[in-house]
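Take a look at the structure below.
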Amino acid sequence: MNAMAQPLDKLPALDPSEDYYRLRREGIGHIQDAGSAQWTDYNIHDPGITILEALCYAVTDAGYRIGWRIEDILAPAVPSADPSQPYPDQAFFTAREILTVNPVTPNDLRRALIDLPGVHDAWVLCKTCACEVSYWAYCDLQGQLVLQYAQPASPPNPATEVWALGLYETLLELDDDPELGDLNDRMIVYQTVHHDGGGAHPVIMEMRFPDLSLIDGDAWKTFLEDDADFGDPPAFTVELLRLGATKSFDVFGLPNPADRDAYLRKLWNGVFYVSLRIQPGGGTPIDIENAALRVFADTAVRDTTTADDWRTLFTDTSPSGFVLRYRRKAKATAAAVAGAKAALQQCRNLGEDSCLIAGAGVDDVAVCADVEVRADADIEYVQAAIWFALEQYMT
């Protein structure tokens, strides 16, 4: 049997701040004590009484809200379909709304960026020099200050190179994508399994693409924005221009296919350089030069893989191929950077601007060492200690 609900009190005992009629009576009493000789009309039609009633209502409203439980004031559990208003029935402003204004310091800007989806960390640096252009300042014959872009040939007074203050340089560390991996690098990891009579052999290939945005800005823009050519089905082709262990050698320049296979197998554990030409359906070719490639697989895979197999893999235009996976990763990175740019522009203060907003990038560090240990040493423990020491040093 359900417990009986508690009855509601028709005449609850109210705190003074919540009792409208008590506040009204006391207000009129104060008016009578202070100005009864000049103020004799205390009826509801009097403008002064109307103002008093409005003030009493405001006091009771604040008193009622203050009486709420603190957890309801700070974070009531009210779902909302609008992500910008997580608490639509919130009686008070949230801390983010009431306690903050535009970011002021570099650390404020950093906090604003870290709150963005897709941004793991950010560094905001005050620029002390011009990003692209500087100005030349000098005084003319009338003593007026003159600013101009180009260095004056023969100013009447010595010219000084100056630049605007209030510029920021922002570097972003992006979150990992569950499908595309680390968005801070340009590496695409291809994983498969090679099956033969001896069983299954895992294959991992890592291809690090160059920064095409620095090499050819127009080609980079086409590569990211031309969805019609890079959609499904793909309206583009990929041609393998060069493959070799050096940036100038092409294994397909060897006339004998057996020599090509022997070359790749001999240098299997080294670094290869791959150059591709992407031909959109109706656009200018996009060349990707010297993407670094490393292969991790055992000898069974090495001895059965041919140069033609590599060509087929690198020219694959399917969504699982190197090119389209790299494009998806580049678009995700560009979208995160664009979101950071929009956020900084939205809270930009007067006289300030961001001259550079980009990803921080990743620097790969390789450590090679020969370690001599004692005969009774625990090899796994020594290796773990070395890895830990390197990790501590690098970070």
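Note that the structure is a prediction, hence the values are computed from the model and not measured. Start at 1 with the first residue, then count along the sequence.
Hydrophobic clustering of Ile, Leu, Val, Met, Phe, Trp and Tyr side chains at less than 4.5 Å, counting indirect connections, unites V365 with L390. In this structure, M207 is a member of the same hydrophobic cluster as L267, with clusters built from ILVMFWY side-chain heavy atoms closer than 4.5 Å. Side-chain heavy atoms closer than 4.5 Å link hydrophobic residues (I, L, V, M, F, W, Y) into clusters, and following such links, possibly through other members, connects Y393 to V367. V271 and V274 fall into different hydrophobic clusters, defined by Ile, Leu, Val, Met, Phe, Trp and Tyr side-chain heavy atoms under 4.5 Å apart, directly or through other members. Linking ILVMFWY residues whenever their side-chain heavy atoms come closer than 4.5 Å, directly or via other members, leaves L145 and W136 in distinct clusters.
Between R24 and E26 there is no salt bridge, since no side-chain nitrogen of the basic residue lies less than 4.0 Å from a carboxylate oxygen of the acidic one. Between D226 and K221, none of the side-chain N atoms (NZ, or NE/NH1/NH2) sits under 4.0 Å from a carboxylate O, so this pair counts as no salt bridge.
Side chain of D216 to backbone of A219: a donor-acceptor contact under 3.5 angstrom is found. Using modelled atom types, one side-chain atom of T333 and one backbone atom of L183 make a donor-acceptor pair closer than 3.5 Å. Looking at R110, its side chain never comes within 3.5 Å of a backbone N or O of W123 through a donor-acceptor pair.
Y64 OH: 12 or fewer foreign heavy atoms inside a 6.0 Å radius. In D376, the CG atom is crowded: over 12 heavy atoms of neighbouring residues, nucleotides or ligands sit closer than 6.0 Å.
Between D182 and the choices D176, V189, D177, the side chain to side chain contact (heavy atoms under 4.5 Å, CB included) rule is met once, by D176. Considering L276, D309, V323 in turn, L276 is the only one that fulfils the side chain to side chain contact (heavy atoms under 4.5 Å, CB included) rule with F314.
Here the closest heavy-atom approach between residue V104 and residue Y168 is recorded as O-OH, 4.1 Å. For the residue pair S36 and Y42, the shortest heavy atom distance occurs at CA-OH, 3.8 Å. Residue L180 comes nearest to A332 through the heavy atom pair CD1-CB, 3.9 Å, listed as atom of the first residue, atom of the second, then distance.
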Exercise. List the steps and the verdict of side chain to side chain donor-acceptor pair (under 3.5 Å) for N269 and R302.
Key: CA-CA 10 Å; N269 294 323; R302 180 195 65 186; over 6 Å; no
Self-check item: Steps toward side chain to side chain donor-acceptor pair (under 3.5 Å) verdict (N107, T105)
Solution: CA-CA 5 Å; N107 281 337; T105 67; 5.3 Å; no
Quiz item: What's the verdict on side chain to side chain donor-acceptor pair (under 3.5 Å) for S275 and E289, showing C-alpha distance, side-chain angles and the deciding distance?
Solution: CA-CA 4 Å; S275 294; E289 296 284 346; 3.2 Å; yes
Practice problem: Could you walk me through whether D108 and R111 pass salt bridge (Lys or Arg N to Asp or Glu O under 4.0 Å), step by step? | Solution: CA-CA 5 Å; D108 293 340; R111 294 186 184 96; 3.2 Å; yes
Practice problem: Verify salt bridge (Lys or Arg N to Asp or Glu O under 4.0 Å) between K329 and E179, making sure each step is shown before the conclusion. | Solution: CA-CA 9 Å; K329 186 171 187 176; E179 177 190 358; over 6 Å; no
Quiz prompt | side chain to side chain donor-acceptor pair (under 3.5 Å) assessment of T306 paired with D308 | solution = CA-CA 5 Å; T306 66; D308 289 335; 5.1 Å; no
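Aromatic rings of Y273 and F249 (six-membered ring for Trp) have centroids beyond the 6.0 Å cut-off, not under it. Taking the centre of each ring, Y20 and Y57 stay at or above the 6.0 Å mark.
Rounding to the nearest 0.5 angstrom, the gap separating the CD atom in E18 from the CG atom in D61 is 10.5 Å.
Geometrically, R260 does not engage F252 in a cation-pi contact, judged by NZ or CZ lying under 6.0 Å from the ring centre and within 45° of the ring axis.
By the 30° and 60° cut-offs, the orientation of the rings of F223 relative to W220 is tilted.
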